[in-house]
Amino acid sequence: MRFSAADHAHMARALQLAARGLFTTTPNPRVGCVIVRNGTVVSEGWHQRVGTPHAEVHALQAAGDAARGATAYVTLEPCSHHGRTPPCAEALIQAGVVRVVAAMTDPNPLVAGGGIDMLTLAGITAEVGLMETEARALNPGFISRMTRQRPWVRLKTASTLDGKTALANGQSQWITGATARADVQHLRARACATLTGSGTVLADNPRMNVRDFDIGRQPLRVVVDSALRTPADAAILPALIACHHADPTARAALERSGAEVVELPGMDGRVDLAALLTLLAQRGVNELHVEAGAALNGALLAAGLVDEWVAYVAPMSVGDDARGLFAQPTLATLADAARFRLADVRQVGGDLRLTLLPK
């Protein structure tokens, strides 16, 4: 066996540490590090916030001389380039670590194996692949941004058991309970940006921010608004507003309210959603949290841009004339249906939360 039970235990702890940065490291990845010498943990560290030392540096500083001759378990390959901070691979070498176990290779093209190569050339035993699946699950957005040049798109919906999001008259407060709504705050908090459509802004005037706890930042708020209908006094402002064509008067009013308006023309007078995701990735958005109406939900689904669907389902039925989850063309066969697989199912208060991934 390549990795021992002790290796697994120490990497599991490093993953726990990495998760402490779930809400705060953006646009950097969440990373944890454990340093072990002669079978004893001598220090721990995790990346806490962008611009601050990386996980390895925190752990090395805590270990001091005890790092010499030790093994470092880290959830992501140590960086090998100068960014906001010096290379972590270099710090490990200087500290005298003799073995480094990384859960996965860094997908950042600036690293991508360079850290492992630097360690190996220095005579350090460097191994990759321990608990990689768990490590990747911590950083889907960072991996997506580095490999696909777009964020990981997490679509959140709240519906009845018969798949309705609101009554025909628009009433939707509240379909799901308080516990489920509090749970959604955690999804927003881990995201770099939140996205909705102008229809939702006009109907509900949402804030789309994190309210229940302090994470030291707010996700960037983004509105897809092809015709630039967002009012200048909308609660979601300031926000990035993506439109097809910006009317000068409407644009000026929104910009006075702190909005940034960008034109991303697509087909049929709509915003090019793929171009929007590319733009957000260029601005460091790893995870994009979507709470929108049927039109934008359907457009994202039709374009193949939904990476994860978190569906909160309330045990109630409201009938056929209520509003649905996705605006989609009529299908001719079931073979044309968008299909998902269940990744997680759990009860949240009195509701169900289904986490689904595209098949």
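On a predicted model such as this, the values are computed, not experimentally measured, just so you know. In what follows, residues are counted from 1 in the order of the sequence shown.
Checked by atom type and distance alone, the side chain of Arg145 pairs as donor or acceptor with a backbone atom of Pro27 at under 3.5 Å. Thr120 places a side-chain N or O within donor-acceptor distance of the main-chain N or O of Ile116, the cut-off being under 3.5 Å. Thr24 places a side-chain N or O within 3.5 Å of a backbone atom of Gln48 that can act as its donor or acceptor partner. Using modelled atom types, no side-chain atom of Gln149 and backbone atom of Ala281 make a donor-acceptor pair closer than 3.5 Å. Listed for the Ser257 side chain is no donor-acceptor partner under 3.5 Å among the backbone atoms of Asp233. Not one N or O on the side chain of Thr355 forms a donor-acceptor pair closer than 3.5 Å with the backbone of Val310. Not one N or O on the side chain of Asn139 forms a donor-acceptor pair closer than 3.5 Å with the backbone of Phe142. Side-chain atoms of His47 come within 3.5 Å of backbone N or O of Pro53 as a donor-acceptor pair. Remark: the backbone N or O of Ala166 is not paired with any side-chain donor or acceptor of Arg323 at under 3.5 angstrom. Side-chain atoms of Asn108 come within 3.5 Å of backbone N or O of Leu110 as a donor-acceptor pair.
A single hydrophobic cluster is seen to contain both Met131 and Val36, as judged by linkage of ILVMFWY side chains at heavy-atom distances under 4.5 Å, directly or through other members. Ile236 and Val262 are assigned to two separate hydrophobic clusters, defined by single-linkage of ILVMFWY side chains at heavy-atom distances under 4.5 Å. Residues Leu296 and Leu305 share a single hydrophobic cluster, defined by chaining ILVMFWY side chains whose heavy atoms lie under 4.5 Å apart. Note: the hydrophobic cluster containing Val261 does not contain Leu264 (ILVMFWY, side chain heavy atoms under 4.5 Å, direct or indirect links). Following chains of ILVMFWY side-chain contacts shorter than 4.5 Å, one can reach Met11 starting from Val34, so the two form part of one hydrophobic cluster.
Side chains of Arg251 and Cys243 form no contact here, defined as non-hydrogen atoms less than 4.5 Å apart. Counting only heavy atoms from C-beta outward, the side chains of Glu56 and Val97 never approach each other to under 4.5 Å. The shortest side-chain heavy-atom distance between Arg339 and Leu334 falls under the 4.5 Å cut-off. For the pair Thr160/Ser317, no side-chain contact is recorded, criterion being any heavy-atom separation below 4.5 Å from C-beta on. Using a 4.5 Å heavy-atom cutoff, the side chains of Pro231 and Leu202 are in contact. Counting heavy atoms from C-beta on, the side chains of Arg217 and Thr26 come closer than 4.5 Å. Between Met104 and Pro107, the closest side-chain pair of non-hydrogen atoms falls below 4.5 Å. Side-chain contact between Glu44 and Tyr73 is absent, with no heavy-atom pair separated by less than 4.5 Å.
Between Tyr312 and the choices Asp183, Thr157, Thr176, Asp351, the side chain to side chain donor-acceptor pair (under 3.5 Å) rule is met once, by Asp183. The side-chain contact (heavy atoms from CB on, under 4.5 Å) test with Val223 is passed by exactly one of Leu195, Thr194, Ile241, Thr200: Ile241. Trp309 pairs in a side-chain contact (heavy atoms from CB on, under 4.5 Å) with only one of the listed residues (Asn297, Leu354, Leu301, Leu356), which is Leu356.
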Task: Test log, rule side-chain contact (heavy atoms from CB on, under 4.5 Å), inputs Asn209 and Arg221 - done: CA-CA 8 Å; Asn209 59 356; Arg221 292 177 287 186; 4.2 Å; yes
Full working for side-chain contact (heavy atoms from CB on, under 4.5 Å) between Val98 and Thr125: CA-CA 6 Å; Val98 297; Thr125 300; over 6 Å; no
Step by step, work out the salt bridge (Lys or Arg N to Asp or Glu O under 4.0 Å) result for Asp321 and Lys164. CA-CA 9 Å; Asp321 66 344; Lys164 303 300 181 179; over 6 Å; no
Would Thr165 and Ser172 count as a side-chain contact (heavy atoms from CB on, under 4.5 Å) here? Give the steps.
CA-CA 6 Å; Thr165 62; Ser172 62; over 6 Å; no
- Item | Audit row: Val128, Glu77, side-chain contact (heavy atoms from CB on, under 4.5 Å) steps and yes/no | CA-CA 8 Å; Val128 183; Glu77 174 189 5; 5.8 Å; no
Step by step, work out the side-chain hydrogen bond (donor to acceptor under 3.5 Å, both in side chains) result for Asp7 and Ser4. CA-CA 5 Å; Asp7 288 335; Ser4 67; 3.3 Å; yes
Derivation and outcome, salt bridge (Lys or Arg N to Asp or Glu O under 4.0 Å), residues Asp212 and Arg188: CA-CA 10 Å; Asp212 290 352; Arg188 289 186 185 179; over 6 Å; no
Step by step, would you call Arg190 with Glu308 a salt bridge (Lys or Arg N to Asp or Glu O under 4.0 Å)?
CA-CA 14 Å; Arg190 67 174 288 165; Glu308 181 181 346; over 6 Å; no
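Nearest heavy-atom pair across Met118 and Ala89 is SD-CB, 3.6 Å. Closest of all the heavy-atom pairs between Val31 and Ala18 is C-CB, 3.4 Å. Across Leu119 and Ala126, no two heavy atoms sit closer than the pair CB-CB, 4.2 Å. Ala235 and Arg207 make their closest contact through CB-CG, 3.8 Å (heavy atoms, listed as atom of the first residue, atom of the second, distance). Between Ala62 and Ser43 the shortest heavy-atom distance is CB-CB, 3.7 Å. In terms of heavy-atom proximity, Asn28 sits nearest to Val50 at ND2-CG2, 3.7 Å.
With respect to Arg37 and Asp65, no salt bridge is recorded, no charged nitrogen being found less than 4.0 Å from a carboxylate O.
How far CG of Leu325 is from CG of Leu155: 8.5 Å, rounded to the nearest 0.5 Å. To the nearest 0.5 Å, the span separating CG on Leu277 from CG on Leu300 amounts to 7.0 Å. Taken from CG in Asp225 to CG in Leu240, the straight-line distance is 11.0 Å, to the nearest 0.5 Å. The line from CG of Leu228 to NE2 of His245 is 9.5 Å long, rounded to the nearest 0.5 Å. Between atom CG of residue Leu220 and atom CZ of residue Arg283 there is a gap of 7.5 Å, rounded to the nearest 0.5 Å. To the nearest 0.5 Å, the span separating CZ on Phe3 from NE2 on His10 amounts to 13.0 Å.
Crowding of Asp320 atom CG: a count of heavy atoms from other residues, nucleotides or ligands under 6.0 Å not exceeding 12. Within 6.0 Å of CG on Leu342 lie more than 12 heavy atoms contributed by other residues, nucleotides or ligands. No more than 12 heavy atoms of other residues, nucleotides or ligands lie within 6.0 Å of CZ in Arg270, so this atom counts as exposed by the packing criterion.
Ring geometry for His186 against Phe213 counts as tilted: the plane angle lies between 30° and 60°, on a 0 to 90° scale.
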